[in-house]
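Here the structure comes first, spelled out in structure tokens, and everything after it is commentary.
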Amino acid sequence: MSELADEYRLEYFEEEGFVRKECPECGNHFWTRDEDRVTCGEPPCEEYDFIDDPGFDQAYSLAEMREVFLSFFEDHDHERIDPYPVAANRWRDDVLLTQASIYDFQPLVTSGETPPPANPLTVSQPCIRMQDIDNVGKTGRHTMAFEMMAHHAFNTREETDEEYAYEGEVYWKSHTVELCDELLESMGADITEVTYIEDPWVGGGNAGPAIEVIYKGLELATLVFMCMEQDPDGEYELKDGNTYSFMDTYIVDTGYGLERWTWMSQGTATVYEAIYPEMIDFLKDNAGIDHTEAEAELVGRAARLSGNLDIDDVDDVEAARGDIADKLGVSVEELRDLVEPLEDIYAIADHCRTLAYMLGDGIVPSNVGTGYLARMVLRRTKRLCDTVGVDAPLDELVDMQAARLDYANRDTIRDIVRTEVEKYRETLERGGRRVESLAEEYAEKGEPIPTDELIELYDSHGIQPDMVEEIAAEAGADVDVPDDFYSLVAQRQETPDAGAETADDEADERFEDLPETEKLYYDDQQRTQFEAVVLDVFEREDGYDIVLDQTMFYPEGGGQPADTGILSTDDATVDVVDVQIQDGVICHRTDDRLGKGEFVNGQVDGGRRRQLMRHHTATHIVIHAAREHFGEHVRQAGAQKGVDSSRIDFSHYDRVTREDVKAIEARANEIVMENTAVTQEWPDRHDAEADHGFDLYQGGIPPGEQIRLIHVDEDVQACGGTHVARTGEIGTIKILNAERVQDGVERITFAAGAAAIEATQTKEDALYDAAATLDVSPEEVPETAARFFEEWKDRGKQIEELKEQLASARAGGGGSGEEVEIDETTAVIDRIDSDMDELRATATAIAEEGSVAVLGSGQGGAQFVVAVPDGSAVNAGDVVGELAAKVGGGGGGPPDFAQGGGPNVEDLDDALEDAPDVLRQVLDA
RNA sequence: GGGCUCGUAGAUCAGUGGUAGAUCGCUUCCUUCGCAAGGAAGAGGCCCUGGGUUCAAAUCCCAGCGAGUCCA
């Protein structure tokens, strides 16, 4: 750490007369204006000093504070930008949720590939940190949802030769601290009390010096100066044990906690009361929490005390509870009864805000990804409501936060919450029944419910151990929840190795030197013929990769398969079977080679290409129609175009019904019939984002300063695929199927153009065939099929009845069977060539008459049934075993009724002849 | 993306290779002025689909479809 010490010697500190000190408590170095200052000022070295004594001139609400911050930086030459969604996986695949403002600009802007929307800029970015979920409500200062107010500046070093999307230095460390100081002063803070602690930052492969800003015991901001990257040869070893070196880009990354600034301005006991007071009041009222003045005073003192303690997570809170109770002169139980409901209410308010951000940004609850996180938060919130006795519907609570945050899709949010709460209720009901029967079972045995049952209940059925305890107690069963329960669950999840990762193809040096191929397929998407020069040819295992200077062949990408076709010179023609793009260079996989430097004539398979274009444009239309039909939360989650059919996966919180399909199909074909123009444009990416928002990037985020937009009707998407010129060229769109691929993700398969006609005809053929078989018109098929099915069932019942009648008739002496006296009883031995059902019925009937039945059948192999009347000493299982052995098989069953058989039908009669002997033998044994 | 659990009567679920069951609901009858309830009888099952193993599969194995759940 000390290696970076020089990085903190800022001009600003020098000009303002700051001194650098070392905190005697924690050993950290910090900068202060106060020469007499001893500690760094951050708990636990020092205590909160702003509760009931706000550190700013006036109290601000959350919204007011946000505005003060953003306009301060606007006044200091920053451009204000709109916040990004909390679902960070919309633009990057390494994280699920936005956890800091810098996430907005990773990885494309921080690496210098793409320019920032403005430079410098300021933003108040909603963030969600799931890792704080257990602390919320308990520590008094943790929230899962928060807004990180920030200002960022993106700089590149003067001396670099590389090209970056931004150039030169906007400002760096000194000015950043100066701005922070000025902001604090403008709020009325006593800046001699502010300390700047040196705290190098490392994360996500980047690093740099950073400064924590502490005021009155509260960390108000972190100023990060990202300027290093992980480098095995780097000269700086930082706290994560890796070595780092300086980058060409260096970025000011600040984070000012909106909630904390608001709290500082109000000095309430906890942060929650400062940021959503009206919601806290509502929840308290709804849960019937009504404190006497003495109680309220006690709660306030407890909050202040816990604020002053070294509390980083919920375990500390539990540990500290006893100390706090002592200091307040009450029992731990008394304190807990008073404080716990409040903690739950704080958590509910925070969780509802989290849900409002998530659902408001279009996250759909699911069993995967961000959807799973949303579901987890929702269920947890519902449990908290039930525990503390809040009976207001959850959708109303989430809506209160959504209204505060000004979301436009509040109806959808409420709908999603209602659907999810209902699903959860069903899960609980199902689980409850399961636990009840399990509890009764073990209560009867007098055993506690074993751990592996608990693990399965949780892992497979989503039932928390504490819920099992509750229900089991009612049934009188014990439950022993082991301390390491969750690690046992994790163990069960472990899989026996995922297998080695596939090794990357080694980089081809000749390949890297090639220029980017000129893409003719964007100039005129209708053309299929072109001329080009062969730049290079690579021999591959199963053919050749030919690189041209320009091409009309579309490489596989964005869910659109590659074009096929031919390349020909004066004396040779090769087939193009696949086309791939890598770093802008397009490779044509061919069956034979062409000479380097030759002129070629390229011809794309036009029929195939046109069909792919129809399907690609149709994909945009279908998703657009689905969005119109279901709402804005519908978002592409993957797509694959083909020649015969295409499919599109999209987020939606309910099943797609037949009615939905019809409506979407109708709307999609309306757009086709309107025959509107499909247009492309290449706007600046930030203009495009400003105009259309992040919904542009349904198929992924492309790099670069300009992006390609495709307009179809009112739909706009960033897309690299090829499209028809007018929607009418699609001909028709036929939805073939709708299915659920994951919870919260639906798949629609459809066909366009000729493929739609073919698909429809195939389906009609099936209907016509069925109609012909039933000898009715297609319209009558459903009714007739239903009638036939009913009749078929009736006949089954009739046959069964007749078999039973036949059986009792046979038993009554109508059969042809041989009767033999064995011991005291009569045995009927007979061969009836019928199925097992009839054999069984007959045997049962004979046994009811008081005789032993030994029946054989040659149908479907040699089969036996032996039935024995009550009180007979014959063991039917043994008899069948012996007989079946004679036909090369086996058999068995209970002593009074057994079945068996074997493959050798020709030995059946012999076996039956031996039956009397077998019976006697079995009796004697 | 991975793991796990479950698909049996209208509903909820038993049934671990050998004749498909229970409870509730439903229908009819009896008791009652009527209702709640009680008594009696009865109807209601391609045991999710398709393969495989076996003399024999609701049951065991594989695949698919459907539902649920945990984790990243």
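Within every chain, numbering begins at 1; the chains are lettered A, B, ... in the order of the sequence lines, protein sequences first and strands thereafter. Everything numeric in this text was worked out from a predicted model, so none of it was measured.
Under the rule for a side-chain hydrogen bond (donor to acceptor under 3.5 Å, both in side chains), the partners of A:Asp743 that lie at least two apart in sequence or sit in another chain are A:Arg375, A:Lys423, A:Arg740.
Phosphate contact (OP1/OP2 of B:U69, side-chain N/O of A:Thr427, threshold under 4.0 Å): present.
By the neighbour-count criterion of 12 heavy atoms within 6.0 Å, atom CD of A:Glu739 is densely surrounded, having more than that number from other residues, nucleotides or ligands.
At a non-hydrogen distance threshold of 4.0 Å, A:Glu739, A:Arg740, A:Gln742 from residues 735-750 of chain A come into contact with RNA chain B.
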Report task. Give the B/S/- string for nucleotides 43-50 of chain B, one per nucleotide from 5' to 3', where a protein heavy atom under 4.0 Å of the base yields B, of only the sugar-phosphate yields S, and otherwise -. Result -> -SSS----

Query raised in the report: Which letters describe nucleotides 11-18 of chain B, given B = protein heavy atom under 4.0 Å from base, S = only from sugar-phosphate, - = neither?
Result: -SS----B

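The C1' atoms of B:G64 and B:G18 are separated by 29 Å, rounded to the nearest whole Å. Nucleotides B:U8 and B:C46 place their C1' atoms 12 Å apart, quoted to the nearest Å.
Counting non-hydrogen atoms under 4.0 angstrom, A:Gly431 reaches nothing in the nucleic acid. When heavy atoms are screened at a 4.0 angstrom cut-off, A:Val865 is found touching no nucleic acid atom at all.
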Side-chain donor-acceptor pairs under 3.5 Å in residues 900-912 of chain A, sequence neighbours left out?
unit_1, atom_1, unit_2, atom_2, d
A:Asn904, ND2, A:Val887, O, 3.2
A:Asp909, OD1, A:Arg831, NH1, 3.1
A:Asp909, OD2, A:Arg831, NH1, 3.3

Query raised in the report: When Watson-Crick pairs (N1 to N3 and N6-O4 or O6-N4) and G-U wobble pairs (N1-O2 and O6-N3) count only below 3.5 Å on both distances, what is the dot-bracket string of RNA chain B, with | for other-strand pairs?
Result: (((((((..((((....[..)))).(((((.......))))).....(((((..]....)))))))))))).

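In the set B:A72, B:C55, B:U5, B:C55 carries the atom at the smallest distance from any side-chain atom of A:Gln863. Checked against B:U19, B:C70, B:C4, the side chain of A:Asn367 finds its nearest nucleotide in B:C70. Among the nucleotides B:C70, B:G66, B:U5, the one closest to any side-chain atom of A:His461 is B:U5.
Rounded to an integer number of Å, the gap from CD of A:Gln464 to P of B:C70 is 7 Å.
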